[in-house]
Amino acid sequence: MWSEAKQAILESSPTSSIYIGCDSRRIPSKKKALFSTVIVLHKDSSKGCKVFHNQVTLADYGQMRSRLMTEVQMALEAFYAIEEVIGERKIEVHLDVNPDPKYASNTVTAEALGWVRSLGIEAKIKPESFAATTAADHCVRR
């Protein structure tokens with residue numbers, strides 16, 4: 001499913017950066033959620049980017065924690081799908097969670113960060129998680 005992203009990464013310079021993120025949108029009337037996962041290849045880390053994305057619809061029972069942790073899982077699955085071609089390129093997994101306690105996504109921030117970082121992968125959260133909060137958000141809402 002990520003074969004185009006893998007090929008583009010292989011053809012990119014070692015100075016390129018890779019950012020992975022996932023966002024979701026509930027469809028309450030159908031008790032489902034749409035998940036969009038993106039891999040952003042930032043060419044030479046300075047010359048524009050190419051965005052690859054995948055969408056999947058899953059059952060959703062209205063539990064935010066479950067949906068947010070599924071976003072983390074899908075971002076990690078994308079990471080593992082391209083891991084063999086990353087090489088020395090910078091890689092970050094971006095999480096759509098907020099460190100501010102006034103936002104509901106704050107309840108899973110420590111758990112989500114801990115999961116990604118325990119695997120030795122650099123993780124970013126809001127406001128630095130643009131792959132999830134901008135690129136994946138755009139894909140899931142269009």
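- At a threshold of 4.5 Å between non-hydrogen side-chain atoms, the residues W2 and V85 do not count as touching.
- Side-chain contact check for S45 and T15: no donor-acceptor pair (N or O, by modelled atom type) lies under 3.5 Å.
- Using a 30° and 60° split on the angle between ring planes, Y19 and H94 fall in the tilted class, from 30° to 60°.
- Between N98 and S105, the shortest heavy-atom contact is N-OG, 2.9 Å.
- Neither F35 nor F79 shares a network with the other; the hydrophobic side chains, linked directly or stepwise wherever heavy atoms of I, L, V, M, F, W or Y lie under 4.5 Å apart, form separate groups for each.
- D44 places no side-chain N or O within 3.5 Å of a backbone atom of S46 that could act as its donor or acceptor partner.
- The main-chain N or O of V140 is found under 3.5 Å from a side-chain atom of R25 such that the two form a donor-acceptor pair.
- Taking 4.5 Å as the limit, every side-chain heavy atom of D60 sits out of range of all side-chain heavy atoms of I27.
- Between L76 and V72, the closest side-chain pair of non-hydrogen atoms falls below 4.5 Å.
- For the pair V56 and T37, the minimum side-chain heavy-atom distance is 4.5 Å or more.
- A donor-acceptor pair under 3.5 Å is absent between the side-chain atoms of S129 and the main chain of D96, judged by distance alone.
- The two atoms that bring A132 and D23 nearest to each other are O-CB, 3.7 Å, heavy atoms only.
- Atom CD of E4 sits in a sparse spot, with 12 or fewer heavy atoms from other residues, nucleotides or ligands closer than 6.0 Å.
- One N or O on the side chain of E71 and one on the backbone of S24 form a donor-acceptor pair closer than 3.5 Å.
- Salt bridge absent: E122 and K90 never bring a charged side-chain N and a carboxylate O closer than 4.0 Å.
- Under the 4.5 Å side-chain heavy-atom criterion for grouping Ile, Leu, Val, Met, Phe, Trp and Tyr, V93 is connected to I82 within one hydrophobic cluster.
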